[in-house]
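Heads up, the thing below is written out as structure tokens.
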There are 2 protein chains.
Amino acid sequence: MTIPLRDTTTAPRRCTHDYQVSCSNCRLGTICLPLALEADAIDQLDEIIQRGRPLQKGDHLYRESDDFKSVFAVRSGSFKAYRTTDDGREQVTGFYFPGEVMGMDGIAKNSHACSAKALETAAVCEIPFNSLSDLSVKMPTLQRHFFQLMSREITEDQQLITLLSKNTAEERIAALMLSISSRNARRKLSATNFRLPMSRIDIGNYLGLTVETVSRVFSRLQKLEVLQVSNKEIEILDLKALQDVANVIIETE
Amino acid sequence: MTIPLRDTTTAPRRCTHDYQVSCSNCRLGTICLPLALEADAIDQLDEIIQRGRPLQKGDHLYRESDDFKSVFAVRSGSFKAYRTTDDGREQVTGFYFPGEVMGMDGIAKNSHACSAKALETAAVCEIPFNSLSDLSVKMPTLQRHFFQLMSREITEDQQLITLLSKNTAEERIAALMLSISSRNARRKLSATNFRLPMSRIDIGNYLGLTVETVSRVFSRLQKLEVLQVSNKEIEILDLKALQDVANVIIETE
DNA sequence: GCCGTTACTTGACCTGCATCAAGACCAACC
DNA sequence: GGTTGGTCTTGATGCAGGTCAAGTAACGGC
């Protein structure tokens, strides 16, 4: 069940989201990439985008092998995407924050390859893929836009691959903290103080570590006065030191 | 420097590649997904596709941060894609065989995120991305086709992520052997006897293992009479056992 | 053929993280 | 208040795979 995003007849020509993004004339969050869309394109997109129903913590946005119908831009809250391995375990493949787009894993087979679960109360924009395809055909800019979005997903996955295959536990955790920090900064939120929406279990799962290791690394980084950790509340005390620990350059775009 | 794939005026309406693929009316190798293209579409694609110059072992097809202009379908030979980490090490992100498409990592930033290097003498089809985009605008089927290709790349990367974060050395190697085997089968080559085009170093790098471990695992699997390994020549002696070792279902499509 | 170089294998040892185990904290609920 | 069930932390121990080292096989160049 979806309701229209807004009444387009009276709508102002600016971002209607709950957060501010750099592109001043975009209504789509980070679907908004360097390549800005013309006003005309935005109006047409508005026609097809719908506001998804609100989700509570633990609710699924979609599940593995569900029919693929739409991609989703996160409006508020956060999500984890995960796939279930053949022997029934879970592999977290990504965390999604406001302004990020999820669900593109479903295009290949017309059914979702991952499940997406809300980590807290959350809201999304639903973008029906068929409409998006049709519109892309009419609007080459949008098509390229969307290609870029998918390509970006590929490069991000490849960064995770590198992290998993080359880096130590401390480097992985530090890299994740830096990634969350920079995604916060992008949304004009604090880059140094934030609340982790996900559990230690999810962090460990995502980074290929056990909960115990995650916990130990947090303790160690706290002892070194790099981070201040109290349960889910994180404060980056020494950004430079954290970057040194990560030993990886996290893109700050 | 590229030369036209073939003289379209006299061309027969069938696959012109060095290998056979399942889709009988496609000239593009595995760009050919379940979604078959109409004859009309194929003719139009033919117009924009070019045969790339032949590559020798060690030659680069493109390098990290090269301008992104085209994607490439492998015609013969094989490639590895890799990215260089901030501290100068290499991370192999994939191997590409005939009929597979590479280079889509470049779309996001209009410059390649990976380098691609020939593992042996190789040939490719070059598909200029601008032409492809333009054509997709005219041909919705082609657009969807290409979206699927990219989405597939995402799911494959996610499988690798899972492999790296959850599986043992033996499981990883077994999974890679099964993957190569099934990709061979797809090209109507032997699924049990093949030559690995890549070095142990590359295998280790790709799977997040050291050369020594790769070597030891091969020896162990040989002792167990699962594989026959002589340098790069592999024979799968016991497919069922190999699948058990992998503990992961490898898609055979 | 010989030589130099690089790829591969095997062994001995060591370490980072997993595993096992116990306890602390926290929130929900009766 | 107490109980229950989850998440998080910390310690003790073990092992898969990394590191170091030495040797062998394969491949090119001359």
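Chain letters run A, B, ... following the sequence lines, proteins first and then strands; every chain starts at 1.
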- Range on DNA chain C touched by chain B, heavy atoms, distance below 4.0 Å: C/dC8 to C/dA12
- Of the nucleotides D/dC8, D/dG11, D/dT19, which one has an atom closest to the side chain of A/R216? D/dG11
- Query: Under a 4.5 Å cut-off applied to non-hydrogen side-chain atoms, are B/R172 and B/L209 in contact?
  - Reply: yes
- Among D/dT9, D/dA12, D/dG18, which is the nearest nucleotide to the side chain of A/R200? D/dT9
- Message: Could you check whether any side-chain heavy atom of A/T162 comes within less than 4.5 Å of a side-chain heavy atom of A/Q159, counting everything from C-beta outward?
- Response: no
- Message: It should be established whether A/S219 places a side-chain nitrogen or oxygen under 4.0 Å from OP1 or OP2 of nucleotide D/dT9.
- Response: no
- Item | Euclidean distance, A/K57 NZ relative to A/S78 OG, rounded to 0.5 Å | 9.5 Å
- Straight-line distance of A/L176 CG to A/I234 CD1, nearest 0.5 Å: 9.5 Å
- Phosphate OP1/OP2 of D/dC8: any A/K232 side-chain N/O under 4.0 Å: yes
- Message: Any base atoms under 4.0 Å from B/S215, or only sugar-phosphate, or nothing? Heavy atoms, all strands.
- Response: base
- Do NZ/NE/NH1/NH2 and the carboxylate oxygens of A/R75 and A/E100 come within less than 4.0 Å? no
- Rounded to whole Å, CZ of B/R89 lies from P of D/dG18 at a distance of 13 Å
- Item | Rounded distance (Å) that lies between atom P of D/dC8 and atom CD1 of A/I173 | 12 Å
- Query: How close or far is atom C1' of D/dG18 from atom CZ of B/R172, stated in whole angstroms?
  - Reply: 12 Å
- Message: Is there a side-chain contact between A/S70 and A/Y62 in this structure, where contact means two heavy atoms from C-beta onward sitting under 4.5 Å apart?
- Response: no
- Query: What's the CE-C1' distance between A/M198 and D/dC8, to the nearest Å?
  - Reply: 16 Å
- Round to a whole Å and report the spacing from CD of A/E120 to P of D/dT7. 16 Å
- Query: Looking across every strand, which nucleic acid part, if any, lies under 4.0 Å from B/G208 by heavy atom: base, sugar-phosphate, or nothing?
  - Reply: sugar-phosphate
- Query: So what does B/T210 hit on the nucleic acid, given a heavy-atom distance under 4.0 Å: a base, only sugar-phosphate, or nothing?
  - Reply: base
- Within a strict 4.5 Å, meaning less than it, do heavy atoms of the A/K117 and A/H60 side chains meet? yes
- Task: Could you tell me the separation between the NZ atom of A/K223 and the C1' atom of D/dG11, rounded to a whole number of Å?
- Result: 12 Å
- Item | Spacing of A/N231 atom CG relative to D/dG6 atom C1', expressed in whole Å | 12 Å
- Note on the structure: Taken to the nearest whole Å, CG/A/L209 to P/D/dG17 is 15 Å
- Item | Under-3.5 Å donor-acceptor pair between B/E212 side chain and D/dC20 base | yes
